[in-house]
Amino acid sequence: MRSTLHRWPAALGLLAAGFQIVTGANRESVAITVVVATLCYLAAAAFNRPWIAWATIAGGSVIVVAGELAGLTWWVAVGLVAAGLAVIGLVTGVPRPALTAQTGALLGFGALAVTALYLDPRAGMILAGLALAAHSGWDVIHYRRNTVVPRSMAEFCMVLDLPLGAALIVLAFTS
């Protein structure tokens, strides 16, 4: 029982992936997942506070919705917040290697996720799925090093990213 409780992040990640799959995962929802996941890591690095990654899950969702309500594309809203986080990190003097790595990850994974929105639907689904599945590798690195985000967050993300990304790729070929 104790070992099962110890794996709550994995269980929560699998539940979140399953929920998205059952409710109709698509390239946009998976692209949002990729970008919010990288925003969580950037926020934790920008404030040099690992726990902020967990808070940014809800915050990222609010940013997506608020951006669209304000008439911005969701990824533009997230991009503006990400730029603000990078500036905060620079001004407050957080460790540069972590801030630089997380900013680069957001730019790289984010570029893939946004590009997926502009491809034909099947290719976009494949690219969004690949971007999210690849992000699970980023999660593994942070889990093993136990840096930037809490190990629980990295574990949650690993178990969310890989199955959901793979499911979207499978859906692209079967729909």
Side-chain angles (χ1 to χ4, degrees), residues 12-13 16-17 19-20 23-121 123-139 141-142 147-150 152-154 156-158 160-162 164-165 168:
L12 186 60
F19 178 77
Q20 278 201 50
T23 59
N26 58 57
R27 68 183 169 165
E28 185 154 25
S29 67
V30 170
I32 290 169
T33 301
V34 172
V35 173
V36 169
T38 57
L39 186 68
C40 291
Y41 279 66
L42 176 58
F47 290 104
N48 198 25
R49 300 280 184 264
W51 66 267
I52 290 197
W54 279 111
T56 308
I57 291 175
S61 300
V62 169
I63 292 163
V64 167
V65 172
E68 293 205 343
L69 290 174
L72 297 172
T73 306
W74 64 264
W75 56 266
V76 171
V78 173
L80 291 171
V81 170
L85 288 170
V87 168
I88 288 169
L90 289 171
V91 169
T92 59
V94 299
R96 293 279 169 93
L99 183 64
T100 302
Q102 301 314 321
T103 301
L106 185 131
L107 291 171
F109 287 112
L112 292 172
V114 171
T115 299
L117 302 174
Y118 293 95
L119 298 175
D120 82 30
M125 287 175 71
I126 293 167
L127 182 57
L130 286 171
L132 188 59
H135 188 266
S136 69
W138 192 244
D139 301 324
I141 291 168
H142 289 81
T147 60
V148 181
V149 299
S152 60
M153 168 60 87
F156 164 80
C157 282
M158 281 187 288
L160 167 68
D161 295 356
L162 190 57
L164 181 56
L168 196 66

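Below, each value reflects all heavy atoms present in this structure, side chains not excepted, and no hydrogens, waters or symmetry copies. All values reported here derive from a predicted model rather than from experimental measurement.
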Next on the checklist: To the nearest 0.5 Å, what is the distance between OG1 on Thr56 and CD1 on Ile63?
Outcome noted: 7.5 Å

Checklist entry - Can you check whether Leu132's main-chain N or O pairs, donor with acceptor, with Ser136's side chain at less than 3.5 Å? => result no

Checklist entry - Is any side-chain heavy atom of Val148 less than 4.5 Å from a side-chain heavy atom of Met153? => result no

Checklist entry - Roughly how far, to the nearest 0.5 Å, is the CG atom of Leu69 from the CH2 atom of Trp74? => result 15.5 Å

Next on the checklist: For the CD1 atom of Ile32 and the CG atom of Asn26, what is their distance to the nearest 0.5 Å?
Outcome noted: 8.0 Å

Checklist outcome for this item: Sorted by chain and number, sequence neighbours left out, side-chain hydrogen bond (donor to acceptor under 3.5 Å, both in side chains) with Glu68 holds for none

Checklist outcome for this item: Shortest non-hydrogen pair, Ile52 vs Ala44, comes out as CG2-N, 4.2 Å

Checklist outcome for this item: On a heavy-atom basis, the closest approach of Ala77 and Gly67 is CB-CA, 3.6 Å

Item to check | Which atom of Val78 lies closest to which atom of Leu39, heavy atoms considered | outcome: CG1-CD2, 4.1 Å

Checklist entry - Listed by chain and number, what are the side-chain hydrogen bond (donor to acceptor under 3.5 Å, both in side chains) partners of Asp139, not counting sequence neighbours? => result Tyr41, His135

Next on the checklist: Run the ring-ring contact (aromatic ring centres under 6.0 Å, His included) test against Trp75 and tell me which residues pass, sequence neighbours left out.
Outcome noted: none

Item to check | Minimum heavy-atom distance Val30-Gly129, with the two atoms named | outcome: CG1-N, 4.3 Å

Next on the checklist: Show the nearest heavy-atom pair for residues Thr33 and Ser29, with the distance to one decimal.
Outcome noted: OG1-O, 2.9 Å

Checklist entry - What's the shortest heavy-atom distance between Leu162 and Ala133, and which atoms? => result CD1-CB, 4.0 Å

Please output the side-chain donor-acceptor pairs of residues 108-120 that fall under 3.5 Å, not counting sequence neighbours, one pair per line with the distance.
from, atom 1, to, atom 2, distance (Å)
Thr115, OG1, Ala111, O, 2.7
Asp120, OD1, Arg122, N, 3.1
Asp120, OD1, Ala123, N, 2.9

Checklist entry - Can you name the side-chain hydrogen bond (donor to acceptor under 3.5 Å, both in side chains) partners of Thr147, sequence neighbours left out? => result none

Pairs of donor and acceptor atoms involving the side chains of residues 97-107, under 3.5 Å and at least two apart or interchain, shall be tabulated with distances.
from, atom 1, to, atom 2, distance (Å)
Thr100, OG1, Arg96, O, 2.8
Gln102, OE1, Trp138, NE1, 3.2
Gln102, NE2, His142, NE2, 2.9
Thr103, OG1, Leu99, O, 2.8

Checklist entry - Are side-chain heavy atoms of Leu168 and Leu164 found at a separation under 4.5 Å? => result no

